[in-house]
Amino acid sequence: MYQYTGPVPADRESPMTRSETSPSRAQHPSPTQKPNTCCFCWCCCCSCSWYDPLTCLCLHMALLLFLNAVLPPSSLTVRSEDDKRGRRKPQETKLEPFPCETCPKPTMEEIKQWAQSFDKLMKNPAGRNKFREFLRTEYSEENMLFWLACEDLKKEINKSAIEEKTRLIYEDYISILSPKEVSLDSRVREVINRRMQDPTPHIFEDAQLQIYTLMHRDSYPRFLNSSVYRSLVQGGSRSSSES
């Protein structure tokens, strides 16, 4: 029987023939061939031409043990938003802190008037104190502090004092770098920035009105439903019944 002894076609090359290729061809893959990458070398931002799962696992475990020994436990812990809020530090201010206004104890009639309108609440020193106490529980006391600082600036007549207070108010409540920055729109900020070169006692008038409106619409309704205001009403009612 005749047997073909000629060359074998490329598509019919046997596995035995392919395994007998030269060592230089096996050791140098083509430029288009992507080398295997081990996980440890990948972590080190490089690549290698070998891959051994067991070795990679051992290297990975060694890396984790090293990080656990070097890094403090706190750096490996993800804190929740509630935890961050609970650890929040008191915000610093460059202005002298406004003490609570000295005023007599509010009457029951005055306390009831605070629920009639926000204007009546803000015009009453005792009402401002209680509203400020409520804002402190919501971490938004800076709104009231900014409003009080603007009221204080309006009373100033000395030019150098106006410039100094204006600068401090800007750094404390307008600057985006301040932890006590109040919420203002871009239009109001642009107006303030233009006026900072020659400030007047009314430079923050638009911003003060915007914060006043924000407190009226956002914080005031919650204040009326808060324990701060309810305790005032209950205490005033007991005093009236005893008298």
Side-chain angles (χ1 to χ4, degrees), residues 78-156 165 168-176 178-185 188 201-202 204-243:
V78 179
R79 301 185 188 276
S80 63
E81 289 300 322
D82 293 337
D83 187 38
K84 292 178 182 178
R85 192 177 299 113
R87 294 172 180 264
R88 183 176 180 179
K89 295 181 179 180
Q91 296 172 332
E92 297 179 356
T93 177
K94 297 182 180 180
L95 285 169
E96 289 295 328
F98 283 93
C100 289
E101 301 172 72
T102 304
C103 56
K105 185 178 180 180
T107 63
M108 187 61 196
E109 182 180 355
E110 288 177 323
I111 295 174
K112 289 182 178 180
Q113 287 179 349
W114 299 347
Q116 294 176 5
S117 72
F118 185 61
D119 293 337
K120 292 182 179 180
L121 171 70
M122 292 294 286
K123 288 178 180 178
N124 188 286
R128 290 194 294 269
N129 285 342
K130 289 300 178 181
F131 187 55
R132 178 178 171 181
E133 178 184 339
F134 166 74
L135 292 178
R136 193 178 301 120
T137 64
E138 293 201 333
Y139 300 104
S140 58
E141 186 184 11
E142 63 271 9
N143 290 332
M144 176 62 80
L145 294 177
F146 172 69
W147 187 88
L148 291 173
C150 292
E151 289 294 296
D152 181 66
L153 178 63
K154 290 177 182 178
K155 302 173 185 176
E156 193 60 65
K165 287 186 177 181
L168 293 176
I169 291 175
Y170 186 93
E171 292 178 357
D172 269 347
Y173 304 109
I174 308 300
S175 172
I176 59 174
S178 173
K180 302 184 71 172
E181 176 196 6
V182 295
S183 179
L184 300 172
D185 61 35
V188 172
H202 299 275
F204 300 113
E205 197 165 36
D206 292 343
Q208 186 185 19
L209 177 60
Q210 195 167 98
I211 295 303
Y212 186 91
T213 304
L214 176 65
M215 291 189 295
H216 183 194
R217 294 179 179 177
D218 185 59
S219 302
Y220 175 62
R222 292 199 299 273
F223 167 73
L224 297 179
N225 294 320
S226 68
S227 58
V228 175
Y229 182 72
R230 287 200 303 268
S231 62
L232 284 173
V233 174
Q234 293 172 359
S237 301
R238 284 196 299 268
S239 300
S240 300
S241 60
E242 290 175 359
S243 60

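No hydrogens, no waters, no symmetry mates; every other heavy atom, side chains included, goes into these values.
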**OP:** Using modelled atom types only, decide if a donor and an acceptor are shared between the side chain of S178 and the backbone of S175 within a distance under 3.5 Å.
**Re:** no
**OP:** Give, for atom CD1 of I169 and atom CG of L148, the distance between the pair rounded to the nearest 0.5 Å.
**Re:** 10.5 Å
Original post:
Are the side chains of R222 and D218 in touch, meaning some heavy atoms are under 4.5 Å apart?
Top reply: yes
Subject >> Side chain E110, main chain T107, donor-acceptor under 3.5 Å >> reply: yes
Original post:
Mind checking whether F146 and D172 have side chains closer than 4.5 Å, heavy atoms only?
Top reply: no
Subject >> CG on L184 to CD1 on I211, rounded to 0.5 Å >> reply: 4.5 Å
**OP:** Please determine which of K120, K112, Q113 meets the side-chain hydrogen bond (donor to acceptor under 3.5 Å, both in side chains) test together with Q116.
**Re:** K120
Original post:
Taking C-beta and beyond as the side chain, do Y212 and W147 meet within less than 4.5 Å on heavy atoms?
Top reply: yes
Subject >> Heavy-atom donor-acceptor pair, E138 side chain to S219 backbone, under 3.5 Å >> reply: no
Original post:
Do R128 side-chain atoms and L121 backbone N/O form a donor-acceptor pair below 3.5 Å?
Top reply: no
Original post:
Just wondering, do V188 and D185 contact through their side chains at under 4.5 Å, heavy atoms?
Top reply: yes
Original post:
What distance do C150 atom SG and H202 atom NE2 have between them, rounded to the nearest 0.5 Å?
Top reply: 11.0 Å
Original post:
Which value, rounded to the nearest 0.5 Å, describes the distance between S117 atom OG and M122 atom CE?
Top reply: 11.5 Å
Original post:
Do N143 and M215 come within less than 4.5 Å of each other through their side chains, counting heavy atoms only?
Top reply: yes
Original post:
Looking only at heavy atoms, what is the nearest atom pair of P104 and A126, with distance?
Top reply: O-CB, 4.2 Å
Subject >> Heavy-atom pair with the smallest gap, counting every atom of Y229 and A115 >> reply: OH-CB, 3.3 Å
**OP:** For side-chain contact (heavy atoms from CB on, under 4.5 Å), just list the numbers for L145 and R132, CA-CA rounded to whole Å, side-chain angles, deciding distance to a tenth of an Å, and then say yes or no.
**Re:** CA-CA 8 Å; L145 294 177; R132 178 178 171 181; 3.5 Å; yes
Original post:
Is there a donor-acceptor pair under 3.5 Å between the side chain of Y170 and the backbone N or O of K165?
Top reply: no
**OP:** Check the pair F204 / I174 against side-chain contact (heavy atoms from CB on, under 4.5 Å), numbers first and verdict last.
**Re:** CA-CA 10 Å; F204 300 113; I174 308 300; 4.0 Å; yes
Original post:
When rounded to the nearest 0.5 angstrom, what is the spacing between CG in L135 and CD in E142?
Top reply: 8.5 Å
**OP:** Classify the ring geometry between F223 and F131 as parallel (under 30°), tilted (30 to 60°) or perpendicular (over 60°).
**Re:** perpendicular
Original post:
Do the side chains of K180 and E171 get nearer than 4.5 Å, heavy atoms only?
Top reply: no
Subject >> Student check: side-chain heavy atoms of Y220 and L224 closer than 4.5 Å >> reply: yes
Subject >> Gap separating the CG atom of N129 from the CE atom of M144, nearest 0.5 angstrom >> reply: 8.5 Å
Original post:
Are E151 and Q208 side-chain neighbours, meaning at least one heavy-atom pair lies under 4.5 Å?
Top reply: yes
Original post:
If you look at every heavy atom in P201 and K154, which pair is closest and at what distance?
Top reply: O-CG, 3.7 Å
Subject >> Residues K130 and E133 bridged, charged N to O under 4.0 Å >> reply: yes
